[in-house]
Structure formats: C-alpha cells, structure tokens
Enquirer: 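Next up is a structure, given as structure tokens.
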Amino acid sequence: MAKTRGAFVYEDRNSAFQRLHPTTRTVFILFVICTAFCIQHPVLLLLLYALTIAVAFSAKMSKKMLLVYFGLIGTGALISFITWLPFGSDVGGTVYYQSREFLGMSIAFSTTGFMWASTIGLRILISSLPIFLYISTTKLREMSIGFHSLGLPFTVCEMFTLAFRFVPLVQNDASTITEAQKARGLDFSEGGAMQKFRKYSAILTPMIFMSLRRIQSVSNALDTKAFRNSTSRHRFYKPPAYRTVDWVIIASCVVVFCLALAARFLGFMIIVPGRL
C-alpha cells in the first residue's frame, strides 16, 4: 500500500535495499552525495551515477518518483550544463571559440569547460537521486533511527519526521478548504491572473490558521509526553538488528569515500584546481 507524503510516495517493495538497516541506507545516501562533491572528473562521476541508478532500480523505486526525478532534476541538470558551458575562458584546455570581454567576462567553448559543465550536471543528477530513493524506500520511523544512530540528537530526528508528517496534513487541509469554497460558489477557473490570485487567498488564509492550531495541538501533546525531558538516552521500540551485509556496506562506503577524499587532496583527476 502506498503512503503519500506530499509529492513523495513510500512503497513497501520488500527489496534488498529496504531490508537493510536504516543506518546502512542513511550511510549509503550520505556517501553518494558527499563523494559526488569530492570528484570532479565526469568519468568517475558516471561510474558513481551508474552505481546509484543500479541501486535505485534494484530497490524497485516507484515509477512516480522516477518520473518526477528525471523530469524535474534531469531538466535542472541540463539547464546547468548549458549555463556553465559558455563560461570556460578561465578553466584552460583547448579553446575552440572565445568572444571579446564584456564587463570583465567572455564567452568561451573549450574542452575543459565542457568537462566542467558535465561535472556540474552530473553532480546535480547524482546528489538528487539518493534523496528521492531514500524518501521512497524509507519510513519516517526508520529515518529517525538512521540519523539518530549516526549521532544526531533524538529531538532533531523527531522534529525532522514531524515536518514530513505535516506535508500530507496540509495537503488535506487545502483540499478540504478548496471544496468548501467551491460549495460556497467560488469559481477558481474564472478571471485573470490577479483575480485568481485574490481567490486563492481564500484558501491560504484558512490554511494558515488551521496550521497554527495544529502546531499548538502537537506542541501540547509533546509537552504532555515529556518530550523536552533532559534525559540524554532515548530508545526506539524494537529497533531492527544489524546484519553482516550492513557492516560490509557501511565499511565499503567509508573506505571509498576516504579514497575519494584522499585522491582529491592529492590532485588526482582534477579538472579545475581550486574549485569544489
């Protein structure tokens, strides 16, 4: 059964990735994102992207999430590539065309500029896919367990999950208010842009007050349960156990990231020195 969290959908696919410990999944996601910004060469980034794509498909990531990812993030990566491509006058390499300077800048097309633009686009693709994968394959409770196991305070983890839980509630409020306003004769399809903007304020204002009321209720509930207790130790009810495969994956991620970081400091396969 699908559980909607705003625009994101969690689906229990019973895949090998979902059977991993929440900490293992969290470490893998952080590993991919951090490693993507340690590497500059597009070939190495393509290898990392291929690994992430393989994990996403093996995890049976939902088609809706994949469509949103390739449509939204793919377009953003393409725009970033096109935006960075002409500004290659200061990165060296074989220059094929360079315009005259205007306001201290010039447009240039070079081999290094092409590789750097490819790096920017690939980094956007690589760093975004793990987030979509994590949200679509990990329950909110598992997110708390994963981040708390890495040393994040329990209160911060709980606030993080509460923020996610508010998204579908706000969507439900917006749907209810919209239907109520339509029942009162408010037609959102008529009028120009300014008129529609004024009409949608009839939805926004009640939503703000309903959200404030819900925040007060949640705050009172947390106070009643002594959520602000100063006890440093918090336990999860029946947390999942680590398996051998979890330790192997965690160790592999740490080792590969350390190698990528060391290669970066040693200048291995660096395209533009001095840039992230």
Side-chain angles (χ1 to χ4, degrees), residues 1-81 118-147 149-150 160-161 163-164 167-168 240 242-261:
M1 179 181 294
K3 298 180 181 179
T4 305
R5 292 188 224 132
F8 305 109
V9 176
Y10 165 79
E11 293 185 359
D12 188 2
R13 299 285 189 173
N14 194 26
S15 61
F17 185 78
Q18 286 183 311
R19 287 193 293 270
L20 294 174
H21 193 277
T23 305
T24 308
R25 279 176 268 171
T26 306
V27 168
F28 176 78
I29 300 307
L30 296 175
F31 154 73
V32 173
I33 296 174
C34 295
T35 305
F37 286 93
C38 284
I39 300 173
Q40 281 194 0
H41 204 282
V43 175
L44 298 178
L45 288 172
L46 279 174
L47 293 175
L48 181 61
Y49 190 42
L51 171 64
T52 312
I53 286 286
V55 172
F57 278 100
S58 66
K60 302 176 183 178
M61 189 173 167
S62 65
K63 294 181 179 179
K64 179 179 179 180
M65 293 292 289
L66 286 173
L67 288 175
V68 173
Y69 166 74
F70 285 113
L72 183 65
I73 306 302
T75 303
L78 181 61
I79 293 175
S80 298
F81 172 80
S118 302
T119 297
I120 296 298
L122 285 170
R123 279 178 172 176
I124 293 175
L125 291 173
I126 296 171
S127 60
S128 301
L129 181 57
I131 299 174
F132 282 78
L133 174 63
Y134 190 64
I135 292 174
S136 64
T137 59
T138 308
K139 299 177 182 178
L140 292 175
R141 177 177 178 271
E142 294 174 340
M143 291 183 184
S144 295
I145 294 174
F147 283 105
S149 300
L150 296 177
F160 177 75
T161 56
F164 269 96
V167 175
Y242 288 93
R243 297 181 298 165
T244 304
V245 65
D246 293 307
W247 295 114
V248 171
I249 293 176
I250 291 174
S252 301
C253 291
V254 172
V255 170
V256 174
F257 173 72
C258 291
L259 290 175
L261 194 61

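FYI, the numbering just counts along the sequence from 1.
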Enquirer: Quick check: does any side chain N or O of E142 sit under 3.5 Å from a backbone N or O of T138, one acting as donor and the other as acceptor?
Expert: no
Enquirer: Would you call the rings of Y242 and H21 parallel, tilted or perpendicular, taking 30° and 60° as the class edges?
Expert: parallel
Enquirer: With no hydrogens and no angle check, is any side-chain donor or acceptor of T24 less than 3.5 Å from a backbone partner on L20?
Expert: no
Enquirer: Using a 4.5 Å cut-off on heavy atoms from C-beta on, say whether the side chain of P240 contacts that of P22.
Expert: yes
Enquirer: So, taking the atom named CZ in F28 and the one named CZ in F17, what distance separates them when rounded to the nearest 0.5 Å?
Expert: 6.0 Å
Enquirer: To the nearest 0.5 Å, how far apart are CD1 in I39 and CG in L46?
Expert: 10.5 Å
Enquirer: Quick check: does any side chain N or O of R25 sit under 3.5 Å from a backbone N or O of G146, one acting as donor and the other as acceptor?
Expert: no
Enquirer: Atom OG1 in T119, atom CZ in F37: separation rounded to 0.5 Å?
Expert: 11.0 Å
Enquirer: When rounded to the nearest 0.5 angstrom, what is the spacing between OG in S127 and CD1 in I29?
Expert: 11.5 Å
Enquirer: Compare every heavy atom of L122 with every heavy atom of P42, then report the nearest pair and how far apart it is.
Expert: O-CD1, 3.6 Å
Enquirer: CG of L133 to OG of S128: how many Å apart, nearest 0.5 Å?
Expert: 12.5 Å
Enquirer: Do I250 and F31 have side-chain heavy atoms sitting under 4.5 Å apart?
Expert: no
Enquirer: Provide the closest heavy-atom pair for F257 versus C34 in the form atom of the first, atom of the second, distance.
Expert: CE1-CB, 3.6 Å
Enquirer: For the residue pair T23 and I145, what are the closest heavy atoms and their distance?
Expert: OG1-O, 4.1 Å
Enquirer: Can you name the closest pair of heavy atoms from L261 and C38 and give their distance?
Expert: CD1-SG, 3.7 Å
Enquirer: Looking at every heavy atom in both L129 and T52, which two are closest together, and how far apart are they?
Expert: CD2-CG2, 3.6 Å
Enquirer: For residues S15 and S58, report the shortest heavy-atom separation together with the two atoms involved.
Expert: CB-O, 3.6 Å
